[in-house]
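One structure below.
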Protein chains: 4
Amino acid sequence: MVRGRKVNSNGEKSKQLLRTKAIEIFSTKGYYQTKISDIVKAANVTQPTFYLYFESKESLFLDLKEEFQQNLNNIFEHPQEFRISQVIEKLLYYFAENPLLTKIGLYQSDDSFLVKEKLVEKFQQVLEKEKNQYHLLEGLDIKTISQSLMGSIERLTLTLLITEQKTAAELSEELLSIYFNQQAALATAK
Amino acid sequence: MVRGRKVNSNGEKSKQLLRTKAIEIFSTKGYYQTKISDIVKAANVTQPTFYLYFESKESLFLDLKEEFQQNLNNIFEHPQEFRISQVIEKLLYYFAENPLLTKIGLYQSDDSFLVKEKLVEKFQQVLEKEKNQYHLLEGLDIKTISQSLMGSIERLTLTLLITEQKTAAELSEELLSIYFNQQAALATAK
Amino acid sequence: MVRGRKVNSNGEKSKQLLRTKAIEIFSTKGYYQTKISDIVKAANVTQPTFYLYFESKESLFLDLKEEFQQNLNNIFEHPQEFRISQVIEKLLYYFAENPLLTKIGLYQSDDSFLVKEKLVEKFQQVLEKEKNQYHLLEGLDIKTISQSLMGSIERLTLTLLITEQKTAAELSEELLSIYFNQQAALATAK
Amino acid sequence: MVRGRKVNSNGEKSKQLLRTKAIEIFSTKGYYQTKISDIVKAANVTQPTFYLYFESKESLFLDLKEEFQQNLNNIFEHPQEFRISQVIEKLLYYFAENPLLTKIGLYQSDDSFLVKEKLVEKFQQVLEKEKNQYHLLEGLDIKTISQSLMGSIERLTLTLLITEQKTAAELSEELLSIYFNQQAALATAK
DNA sequence: CATGAATGAGTTTTCATTCAT
DNA sequence: GATGAATGAAAACTCATTCAT
């Protein structure tokens with residue numbers, strides 16, 4: 001029945017460990033299926049320790065979700081002007097680098113749908129500007145294309161990117177080919 | 001409220017009402033966040049009434065999920081040979097007709113990922129056969145296309161189809177254009 | 001959804017059937033483990049029918065228990081004077097003829113212990129009068145013998161009598177031999 | 001009552017208290033009639049505390065039952081050869097020392113009948129070997145005697161031993177006298 | 001800094017009983 | 001005489017959170 005501070009223990013370390021384990025489990029099982037007991041077991045500390053560093057289960061999850069969203073916002077902050085190819089690339093690179101946070105923010109968070117709606121809007125804006133450059137887009141509803149693109153990105157991220165079967169670069173290129181690249185078609189047509 | 005039979009009460013009606021409410025709530029909040037108390041409140045009966053008609057929360061949810069999956073299997077049963085356009089159409093029509101069940105089977109069920117994997121496989125098979133017909137596919141990884149298509153379908157279903165902003169027919173056509181139709185591009189190119 | 005009186009149905013018949021099934025199930029599973037739903041299922045009627053004939057689960061069980069106890073009382077009513085052999089015989093014959101009621105009254109009822117205490121008292125009284133006739137009893141505590149006899153009777157009833165491995169006659173004789181019969185011993189001794 | 005640790009609280013103490021109370025109540029009311037709420041009320045803690053120390057109501061009961069059975073097995077383990085007098089003595093001593101566990105294992109457990117059947121078999125084996133030494137046994141069915149003895153032991157245990165009206169030593173001697181001891185009879189006969 | 005011990009507030013599920021037909 | 005439909009009351013169990021050490 002030893003109590004009190006562990007030898008070599010260190011607050012910041014415990015906090016980081018808890019955070020890491022929380023991300024792992026949240027990203028896999030989702031918010032409701034993740035129990036505090038799971039997290040602390042994985043971090044090898046007790047439940048009260050969790051509350052030493054985080055206000056509540058909810059606030060931690062919210063923090064993680066917001067971190068994801070914040071990062072996402074930062075990506076598109078500086079230069080207002082992006083080409084769709086850059087948008088796709090930047091997204092995939094970010095997702096590839098933060099797979100677990102991405103799973104949380106894109107699939108597990110209750111307002112992941114908002115995040116996606118925002119991205120879709122972004123796509124729309126960009127495509128609106130670029131539509132003349134892609135013959136393939138002619139006659140197509142940009143809203144539909146944007147939503148479709150969002151769907152493609154989220155699924156490819158989940159199944160091929162995060163699983164490391166493909167790289168962000170590869171997937172960017174493939175997506176661009178699918179959605180906007182007439183090379184093949186044009187070549188053939190000629 | 002007193003015990004015993006309600007005036008004008010009717011078992012089949014109650015069961016259907018409960019089922020309907022359950023589908024509504026399951027499809028919105030998911031399995032874990034849906035409480036029996038939510039369902040019975042919506043159906044204006046008490047908790048034991050739920051157990052009069054359903055074995056448990058889990059078995060009801062499983063039934064709904066399986067109904068969705070069964071329907072899906074039936075779609076592709078008869079003629080073994082489908083063209084990708086038919087596959088997409090049939091999916092979207094089915095989803096449009098069963099929006100809530102679709103939400104459950106495609107987004108809320110624990111094994112929705114399996115359903116999608118199966119669909120992706122289907123896409124791959126069909127595309128493998130048809131690849132020569134679509135110049136756009138040249139040089140592209142069919143697996144990636146299939147996954148991407150799955151993503152597009154699931155997102156368009158969720159955001160445009162189920163919300164009745166677009167019809168299954170419209171979305172099928174748009175998807176075909178995006179993924180396989182060179183018309184516009186070719187026309188322009190000429 | 002047919003409702004109302006069954007063709008050929010008959011109140012007394014239903015009541016008897018319910019009673020019979022109740023006895024069967026109560027005797028096997030005990031009061032708390034027996035559900036009204038078990039009883040009515042066995043009798044092939046619905047739950048409200050049970051309440052048509054019996055006030056409640058408890059009152060039916062109490063009735064059965066009291067019937068057992070009443071019968072038991074009747075056995076020893078008339079001639080005040082019994083020999084221990086007669087007491088044992090009469091008990092075993094009654095138990096053999098009413099195996100299920102016996103199981104209820106002797107093993108399942110909450111106050112079966114009272115019944116047994118009363119029987120033990122009876123044994124004591126009778127033995128007190130007869131003790132001179134049985135040399136084996138000399139020096140032994142009649143209370144202990146009476147309790148022991150009660151235990152023997154209840155166990156033999158449960159394991160050999162009710163299972164029809166032995167008859168009441170056989171067991172009476174054997175019990176008398178064990179507890180009071182010196183024949184063998186004396187014969188040998190001489 | 002507030003949340004969190006009680007002043008001076010101690011886990012092992014709480015667990016033991018819960019166990020003790022559980023044994024008391026299980027032994028009196030049986031498994032089904034014992035509610036967790038009874039146990040925790042008796043131990044002056046809340047229901048979750050119960051689950052802090054025990055997996056479930058069932059597993060606790062099973063543990064207690066198995067403890068009883070294990071002890072019982074241990075009694076007869078070492079020397080394979082026992083005389084019936086020793087068997088009876090050892091049983092009664094064990095029962096006297098563990099009255100509540102005995103009530104659970106011998107009367108309340110769902111498989112107490114198995115325990116008794118096993119004991120009866122033991123009696124049979126031992127008596128088979130010793131039958132020549134007891135003239136009283138001549139002409140009697142050893143199975144009946146064994147069952148009868150089991151009944152005597154269980155009843156005497158319940159009514160005289162556990163209630164501390166008689167000691168294990170006294171009851172052993174009395175049982176031996178009743179079942180196997182011709183002294184008195186013989187003495188008289190001579 | 002960290003733990004051991006405990007609890008409030010739910011959640012699913014069961015069962016005897018009772019109305020309306 | 002009998003059923004279909006419903007419910008009140010309680011049971012076991014879970015989980016995020018909190019106090020005392």
Name all residues meeting the salt bridge (Lys or Arg N to Asp or Glu O under 4.0 Å) criterion together with D:Glu67; count only those two or more places apart in sequence or in a different chain, and write none if there are none.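 Expected list: D:Arg19.
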
ring-ring contact (aromatic ring centres under 6.0 Å, His included) with [X]: which residues, sequence neighbours excluded?
| X | answer |
| --- | --- |
| B:Phe95 | none |
| B:Phe61 | B:Phe26, B:Tyr31 |
| B:Phe68 | B:Tyr94 |

Could you list the residues that satisfy side-chain hydrogen bond (donor to acceptor under 3.5 Å, both in side chains) with B:Lys65, not counting sequence neighbours?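 For B:Lys65, the residues satisfying side-chain hydrogen bond (donor to acceptor under 3.5 Å, both in side chains) (neighbours in sequence not counted) are B:Asp111.
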
Among all residues two or more places apart in sequence or in another chain, which pass the side-chain hydrogen bond (donor to acceptor under 3.5 Å, both in side chains) test with C:Gln47?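 Scan of C:Gln47 (side-chain hydrogen bond (donor to acceptor under 3.5 Å, both in side chains), adjacent residues dropped) gives none.
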
From [atom1] of [X] over to [atom2] of [N], roughly how many Å is that when rounded to an integer?
| X | N | atom1 | atom2 | value |
| --- | --- | --- | --- | --- |
| B:Asn10 | E:dC19 | CG | C1' | 16 Å |
| A:Phe61 | F:dA16 | CZ | C1' | 16 Å |
| D:Lys6 | F:dT18 | NZ | P | 19 Å |
| D:Glu12 | E:dA5 | CD | P | 9 Å |
| C:Leu52 | F:dG4 | CG | P | 14 Å |
| D:Phe50 | F:dC13 | CZ | P | 8 Å |
| D:Leu17 | E:dA5 | CG | P | 14 Å |

Residue pairs passing the side-chain hydrogen bond (donor to acceptor under 3.5 Å, both in side chains) test where at least one lies in residues 48-59 of chain A, sequence neighbours excluded: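 Passing the test, one end in residues 48-59 of chain A: A:Thr46-A:Thr49.
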
Of all pairs that satisfy salt bridge (charged side-chain N to carboxylate O under 4.0 Å, His left out), the ones with a partner from residues 42-53 of chain A, not counting sequence neighbours: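 As it turns out, there is no salt bridge (charged side-chain N to carboxylate O under 4.0 Å, His left out) pair with a partner in residues 42-53 of chain A once direct neighbours are skipped.
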
With respect to the phosphate group of F:dT3, does any side-chain polar atom (N or O) of C:Thr49 fall under 4.0 Å of OP1 or OP2?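 For F:dT3, OP1/OP2 do have a side-chain N/O of C:Thr49 under 4.0 Å.
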
Does D:Tyr51 put a side-chain nitrogen or oxygen below 4.0 Å from OP1 or OP2 of F:dC13?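 D:Tyr51 to F:dC13 OP1/OP2: side-chain N or O found under 4.0 Å.
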
[X] has a side chain; which of [options] sits nearest to it?
| X | options | value |
| --- | --- | --- |
| D:Pro48 | F:dG1, E:dG4, E:dT7 | E:dT7 |
| D:Arg5 | E:dT17, F:dA16, F:dC19 | F:dC19 |
| C:Gln47 | E:dT17, E:dG8, F:dA12 | E:dT17 |

Taking for each residue the nucleotide of DNA chain F with the nearest heavy atom, is it D:Gly4 or B:Ser14 whose nucleotide lies nearer the 5' end?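 Nearest nucleotide further toward 5': that of B:Ser14.
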
Which parts of residues 26-38 of chain A get close to DNA chain F, meaning a heavy atom less than 4.0 angstrom away?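 Per residue number, the list reads A:Thr34, A:Lys35, A:Ile36.
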
What are the residues of residues 53-60 of chain A, sorted by number, that bring a heavy atom to within less than 4.0 Å of DNA chain F?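 Within this stretch, A:Ser56, A:Lys57 sit under 4.0 Å of the strand.
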
Donor-acceptor contacts under 3.5 Å from residues 34-43 of chain D side chains, at least two apart:
| unit_1 | atom_1 | unit_2 | atom_2 | d |
| --- | --- | --- | --- | --- |
| D:Thr34 | OG1 | D:Ile25 | O | 3.4 |
| D:Thr34 | OG1 | D:Gly30 | O | 2.6 |
| D:Lys35 | NZ | D:Tyr32 | O | 3.0 |
| D:Asp38 | OD2 | D:Lys29 | NZ | 3.4 |
| D:Asp38 | OD2 | D:Lys35 | N | 3.0 |

What's the separation between atom CD1 in C:Ile23 and atom CD1 in C:Ile104, rounded to the nearest 0.5 Å?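 These two atoms lie 5.5 Å from each other.
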
Does the side chain of C:Leu101 come within less than 4.5 Å of C:Asn71's, by heavy atoms?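 Yes, close enough: below the 4.5 Å cut-off.
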
All stems with DNA chain E, defined as three or more consecutive Watson-Crick or G-U pairs under 3.5 Å: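 Stem list for DNA chain E: E:2-21 with F:2-21.
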
Could you tell me which non-hydrogen atom of D:Ser112 sits nearest to which non-hydrogen atom of D:Gly105, and how far apart they are?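 Looks like CB-O, 3.2 Å.
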
Check: B:Arg3 side chain, F:dT7 base, donor-acceptor under 3.5 Å: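 Result: at least one qualifying N/O pair found.
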
